[in-house]
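Letters A, B, ... mirror the listed sequences (proteins, then strands); counts begin at 1.
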There are 2 protein chains.
Amino acid sequence: MTLDERIALLGQSITFSSLTEEEMVELAGLCRIRSLNAGEYVFMEGEEPDWLYMVAEGRVKVLKHSSQGKEFIISFFGPGEMFGEVAIFQNRPYPASAQAVSELKVIAIKRDDFHTFLRNRPETVFRMIHVLSGRLRDAQVRLRDLAAERVEQRLARVLIMLASRLGPVLPFTRQEIADMVGTTPETTIRLMSKLKEAGIIASSRGRTEIVDEARLRELSEGLQPM
Amino acid sequence: MTLDERIALLGQSITFSSLTEEEMVELAGLCRIRSLNAGEYVFMEGEEPDWLYMVAEGRVKVLKHSSQGKEFIISFFGPGEMFGEVAIFQNRPYPASAQAVSELKVIAIKRDDFHTFLRNRPETVFRMIHVLSGRLRDAQVRLRDLAAERVEQRLARVLIMLASRLGPVLPFTRQEIADMVGTTPETTIRLMSKLKEAGIIASSRGRTEIVDEARLRELSEGLQPM
DNA sequence: CGGCAACAATGATCTATGCCATGTAGCAGG
DNA sequence: CCTGCTACATGGCATAGATCATTGTTGCCG
């Protein structure tokens with residue numbers, strides 16, 4: 001992969017889009033590219049954090065396993081999005097695993113190189129803070145939901161959240177959605193079947209389309225149950 | 001409150017402990033002090049974020065309400081700990097409310113003043129990133145727990161987490177613990193009564209002491225149920 | 001000292017959702 | 001075209017934990 005290609009990829013990210021030409025070149029010089037097949041892990045929870053990653057092509061899921069091995073999906077990331085930052089800023093093991101969902105290309109930057117690069121880029125550092133703050137905000141909303149809302153509403157909220165990031169067509173299986181909502185595939189299927197009947201979503205194998213977001217929003221508020 | 005007193009308070013915080021004498025004076029000059037009685041709110045979810053806060057004396061709880069009004073406690077903060085950062089870094093409304101648990105004194109710094117102050121303090125900015133990363137890490141662990149672990153284990157983990165921050169004596173009511181675990185007071189009481197019988201904790205009104213942390217750890221792993 | 005309010009404890013139901021089992025349909029590869 | 005794999009679907013049962021109700025306990029304030 002050429003330098004120009006790497007620069008183009010870095011530019012996709014909000015965090016780096018403010019860099020000058022020159023800075024881009026410098027940063028691109030620090031990058032390595034890794035290609036992975038679906039199912040392969042970029043890193044595993046507990047590993048030493050040597051690299052910061054950004055998605056170039058494809059999608060990753062970041063997940064944690066429970067004590068009984070069930071998986072919980074913290075987030076999906078697509079092109080231009082960064083992951084693994086928590087670990088490299090704290091210099092402690094990755095708190096979760098990252099797995100390729102599809103064919104995946106990631107840009108990797110060595111921890112120390114990145115720290116050095118950030119030294120004199122206050123603007124970029126502030127953008128990183130912004131990203132971290134956003135994730136913390138989202139995490140707090142989800143914590144509250146998991147602790148206090150019922151599955152129906154949590155499902156609705158996950159669908160809305162995904163739609164706001166990816167548009168109305170969501171390329172996920174019921175299993176994956178269940179792992180984001182924190183429930184079982186069966187329950188997810190049952191609820192989504194109802195949503196389908198009610199004309200709120202449409203779906204086929206591995207694909208869900210939000211048809212009536214307004215009604216989904218009502219459900220997510222829990223105003224009236226289905 | 002004198003400048004020297006304010007400097008002493010700021011110095012309690014990990015984030016600011018690296019500042020020079022001179023920087024401390026500058027920052028202290030930007031601070032206001034607010035005193036609140038137990039139960040009063042420092043800020044409410046949804047308000048515009050004009051201030052960054054740090055606890056000077058007492059404790060705050062940061063919480064969110066569910067759609068049915070149940071409250072979920074995101075975290076408690078004590079002297080030297082900062083709160084409200086997510087909002088001021090994003091310049092969006094506070095994502096949660098902050099309520100005084102006891103008599104409370106907080107240091108408040110105006111958003112714009114703080115941003116200006118940070119401009120040329122890369123070291124301090126990195127410490128803020130460190131704090132944010134830590135909170136995000138904790139949030140991810142809790143998300144997984146809420147989604148995939150049973151109440152018993154979640155309770156054990158909350159108690160361990162609190163003990164690691166505050167020592168073995170925890171000044172919380174069952175209600176407050178329930179609101180952190182994401183369950184009801186009744187369930188919390190039942191489980192904690194068992195823990196008491198088993199000699200793992202001791203407790204009196206509004207006070208819980210961890211006696212046998214090792215066994216609590218076993219429970220939190222879910223190896224063998226009670 | 002007495003009475004009120006918050007906390008703690010416990011029993012009796014109820015129910016949302018987990019878990020197991022079984023069946024079907026679509027897609028992929030030999 | 002068959003075979004097999006994975007996603008989707010649905011029924012029945014089990015149960016963790018919520019909910020409702022009552023009672024006891026502690027500390028506080030007038």
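- Salt bridge B:K194/B:E152: absent, no basic N to carboxylate O contact under 4.0 Å.
- When all heavy atoms of B:N37 and B:A100 are compared, the pair lying nearest together is O-CB, 3.5 Å.
- Shown are B:Q153, B:R144, B:E221; of these, the side chain to side chain donor-acceptor pair (under 3.5 Å) with A:S67 is made only by B:Q153.
- B:E186 has its CD atom 9 Å from the P atom of D:dC20, to the nearest Å.
- End-to-end axis angle for the helix from C:dC1-D:dG30 to C:dG30-D:dC1, using five pairs per end and rounding to 10°, comes out at 40°.
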Tabulate atom names and distances for all N/O pairs under 3.5 angstrom spanning the protein and nucleotides 4-8 of chain D.
unit_1	atom_1	unit_2	atom_2	d
D:dT6	O2	A:R205	NH2	2.4
D:dA7	O4'	A:R205	NH2	3.2
D:dC8	OP1	A:G206	N	2.8
D:dC8	OP2	A:R174	N	2.9

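- With a cutoff of under 4.0 Å to any heavy atom of chain B, the contacted region of DNA chain C is bounded 5' to 3' by C:dA6 to C:dA12.
- Between A:R190 and A:E186 there is no salt bridge, since no side-chain N of the basic residue sits under 4.0 Å from a carboxylate O of the acidic one.
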Tell me, with the steps shown, if B:K64 and B:E45 meet side-chain contact (heavy atoms from CB on, under 4.5 Å). CA-CA 7 Å; B:K64 278 179 89 73; B:E45 178 172 354; 3.1 Å; yes
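- In this structure, the CZ atom of A:R190 is 11 Å from the C1' atom of D:dC13, given to the nearest Å.
- Checking A:R154 against B:S203, the closest nucleotide of DNA chain C that is more toward the 5' end is the one next to B:S203.
- Phosphate contact (OP1/OP2 of D:dG17, side-chain N/O of B:T183, threshold under 4.0 Å): absent.
- Taking the charged nitrogens against the carboxylate oxygens, B:R165 and B:E81 do have a contact shorter than 4.0 Å, which makes a salt bridge.
- Closest approach of A:A87 to A:P95, counting heavy atoms only: CB-CD, 4.1 Å.
- Looking only at atom types and distance, the side chain of B:R135 has no donor-acceptor partner in the side chain of B:S75 under 3.5 Å away.
- Exactly one of A:L219, A:L159, A:I210 qualifies for a side chain to side chain contact (heavy atoms under 4.5 Å, CB included) with A:I200. That residue is A:L219.
- Checked against a 6.0 Å centroid threshold, the rings of A:F77 and A:Y53 do not count as neighbours.
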